[in-house]
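Single-structure report; data block below.
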Amino acid sequence: MVGRIPVLDVFPVLEGGKHPAKAALGEPFEVSAVVIREGHDALAAEVVLIDPAGKRRPPQRMHRSPDVVDRWQATVVADQEGAWSFEVHGWGDPVESWRHAAEIKVPAGMDTELMFAEGALVLERAAAGMSKAGRATVLDAVTALRDTTRPDAVRLGAALTPEVTGVLDAEPLRELVTVEGPFPFFADRQRALYGSWYEFFPRSEGAYV
């Protein structure tokens, strides 16, 4: 079943996941997928690795490919030998959707109070699922957005500071999450990167006189 944020053409996947892709321990390799949605709202994608013990690693954000439209990619590394798997998650990013609209409309004086009200609500939603430190930073921005005694530029700027952006990037508000996977891959010992090169040379011939 395809979700509201379709995740398609995942790579590396061999025969629909019947066979594992392979990498060497510590070798960076790229995971990519086509991630799309209807409309103009922002979306995001991430890779989640699952180690040989079944432990899910923290999500790693994917970024748009500079060469292929709608393809997202990230470089990941396996730090243990064995049978791993990975998932690709596509999701809507309501905070980024609000930011994009607010950065256009507020400086132009369009729907200013509506933008501030929407921003306060979406940041409150984000803060509700955060750690204590992150929540405090984001709620300070909510207070600023609702403070009508401040200039509009100051109210908006308080929600776009590097501190607020960093917290929201680390603990994003996700909606309409679609998960594709898990897809298997095997992390082999590092010698697998070079140990097979001897196969290119004959081993059964004696010395020539």
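Please read all numbers here as calculations on a predicted model, not as lab measurements.
- A search for salt bridge (charged side-chain N to carboxylate O under 4.0 Å, His left out) contacts involving Arg37 returns nothing, not counting sequence neighbours.
- Remark: Asp188 does not engage Lys22 in a salt bridge, criterion side-chain N to carboxylate O under 4.0 Å.
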Would you give me the side-chain donor-acceptor pairs under 3.5 Å for residues 133-143, sequence neighbours excluded?
from	atom 1	to	atom 2	distance (Å)
Arg135	NE	Ala127	O	3.3
Arg135	NH2	Met130	O	2.6
Thr137	OG1	Ala133	O	3.4
Thr143	OG1	Leu139	O	3.1

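- In the hydrophobic clustering of ILVMFWY residues, with side-chain heavy atoms under 4.5 Å counting as a link, Val88 and Val76 come out together.
- No donor-acceptor contact under 3.5 angstrom links the side chains of Asp67 and Ser65, judged on distance only.
- We find that Arg125 and Glu175 are joined by a salt bridge, their nearest charged nitrogen and carboxylate oxygen being less than 4.0 Å apart.
- Summarising the local packing, CZ of Phe186 is surrounded by more than 12 heavy atoms from other residues, nucleotides or ligands at distances under 6.0 Å.
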Tell me which donor-acceptor pairs under 3.5 Å the side chains of residues 108-122 have, and how far apart each pair is, sequence neighbours excluded?
from	atom 1	to	atom 2	distance (Å)
Glu113	OE1	Arg155	NH2	3.3
Glu113	OE2	Arg155	NH1	2.9

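- Glu171 places a side-chain N or O within 3.5 Å of a backbone atom of Ser131 that can act as its donor or acceptor partner.
- Taking CZ from Phe86 and CZ from Phe29, the interatomic distance works out to 6.5 Å, rounded to the nearest 0.5 Å.
- Across every non-hydrogen atom of Phe185 and Pro20, the tightest pair is CA-CB, 3.8 Å.
- Of the possible donor and acceptor atoms, one in the side chain of Thr178 sits under 3.5 Å from a partner among the backbone N and O of Ile5.
- Atom CG of Leu43 and atom CG of Asp93 lie 8.5 Å apart (nearest 0.5 Å).
- When all heavy atoms are compared, the tightest approach of Leu160 to Thr165 is O-OG1, 3.8 Å.
- A salt bridge links Asp9 to Arg71: one of the charged nitrogens lies within less than 4.0 Å of a carboxylate oxygen.
- Here Arg146 pairs with Glu124 in a salt bridge; the nearest charged N to carboxylate O distance falls below 4.0 Å.
- Both Val106 and Leu168 belong to a common hydrophobic cluster when Ile, Leu, Val, Met, Phe, Trp and Tyr are linked at side-chain heavy-atom distances under 4.5 angstrom.
- Between Pro52 and Gln80, the shortest heavy-atom distance links the atoms CD-OE1, 3.8 Å.
- Shortest non-hydrogen contact noted between Trp72 and Asp70 is CD1-O, 3.3 Å.
- When all heavy atoms are compared, the tightest approach of Arg61 to Ala44 is NH2-CB, 3.8 Å.
- What you find for Pro172 and Asp169 is that their closest heavy atoms are CD-O, 3.6 Å.
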